[in-house]
Amino acid sequence: MSNNTLYLTIGGSVGVIAIIILAGYLKYKGVNILGFVQKLKSIFTTAETYTKAAEGLTEGKANQILQAADVFEKLGIEGATYAEQMLLSMQIQNDTDGSQRRELAQKYIYAFLQAHGIAITDDIKTIVQGIVEKTVLSDKTIEEINKKIDDLINTKVAALQSEVSSLADTNTKLTAENQTLNEKLANVAAQMK
């Protein structure tokens with residue numbers, strides 16, 4: 001027998017003896033060793049269950065579901081961006097409640113799915129509506145979009161008012177110059193007679 005094997009045997013024996021002595025002492029003190037061992041077993045079983053669940057997330061149906069959810073979320077964001085752009089370009093009007101934008105975002109997602117050979121079932125419609133309603137076009141988002149639109153309109157209105165004011169000033173000057181020229185023309189015509 002080699003020295004390593006001898007050390008391992010002695011160490012294992014001492015460990016077993018120490019555990020037996022510790023168990024006897026704990027039993028003497030009234031500690032429920034069996035309950036403690038069962039709790040440890042329960043903890044290890046729970047950890048094993050979580051480990052198996054985590055393995056399931058990295059492969060199989062759970063992974064496919066998570067990837068599909070990610071695709072739907074990205075489509076929802078793209079659909080909402082498209083709907084917002086349509087509103088900002090004034091192709092959608094009077095949509096203070098966001099219903100037209102929701103519908104347009106949903107149509108965008110349905111068109112994408114159909115283009116990739118996915119049939120639009122009631123389940124798909126429910127998923128798309130949920131994504132668009134809760135994630136992409138929440139009331140807060142609609143309020144933010146409406147604020148952007150109001151700010152854009154106010155900026156355009158201010159620029160147009162400035163331009164109108166400038167044109168009115170130019171018109172006043174031109175009218176005054178026209179009147180002056182008409183008076184000079186009348187004087188010249190009177191002198192020629």
Trainee: Measuring from Gln85:CD to Leu104:CG, what's the distance to the nearest 0.5 Å?
Mentor: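 Here the interatomic distance stands at 11.5 Å.
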Trainee: Rounded to the nearest 0.5 Å, what separation is found between the CG atom of Leu167 and the OG1 atom of Thr172?
Mentor: 10.5 Å
Trainee: Would you compute the distance between atom CD of Gln106 and atom CD1 of Ile131 and round it to the nearest 0.5 angstrom?
Mentor: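 Separation between the atoms: 10.5 Å.
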Trainee: How about OH on Tyr110, more than 12 heavy atoms from neighbouring residues, nucleotides or ligands closer than 6.0 Å, or not?
Mentor: yes
Trainee: Rounded to the nearest 0.5 Å, what separation is found between the OG1 atom of Thr121 and the CD1 atom of Ile127?
Mentor: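 Rounded to the nearest 0.5 Å, the OG1-CD1 separation comes to 7.0 Å.
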Trainee: Can you confirm whether more than 12 heavy atoms, excluding those of Asp122, are under 6.0 Å from its CG atom?
Mentor: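 Open.
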Trainee: If I take atom OH from residue Tyr108 and atom CE from residue Met86, how far apart are they, to the nearest 0.5 angstrom?
Mentor: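 Taking OH in Tyr108 and CE in Met86, the distance rounds to 12.0 Å.
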Trainee: Could you state the interatomic distance from CD (Gln129) to CD (Glu103), rounded to the nearest 0.5 Å?
Mentor: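 Here the interatomic distance stands at 10.5 Å.
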Trainee: Supply the members, apart from Val188, of the Ile/Leu/Val/Met/Phe/Trp/Tyr cluster built from side-chain contacts under 4.5 Å; use none for a lone residue.
Mentor: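 Val188 clusters with Met192.
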Trainee: Would you check if Leu75 and Leu113 make a side-chain contact, meaning some heavy-atom pair closer than 4.5 Å?
Mentor: yes
Trainee: Identify whether the distance between the nearest side-chain nitrogen and carboxylate oxygen of Glu177 and Lys173 falls below 4.0 Å.
Mentor: no
Trainee: What side chain to side chain donor-acceptor pair (under 3.5 Å) pairs are there with at least one residue in residues 158-169, not counting sequence neighbours?
Mentor: none
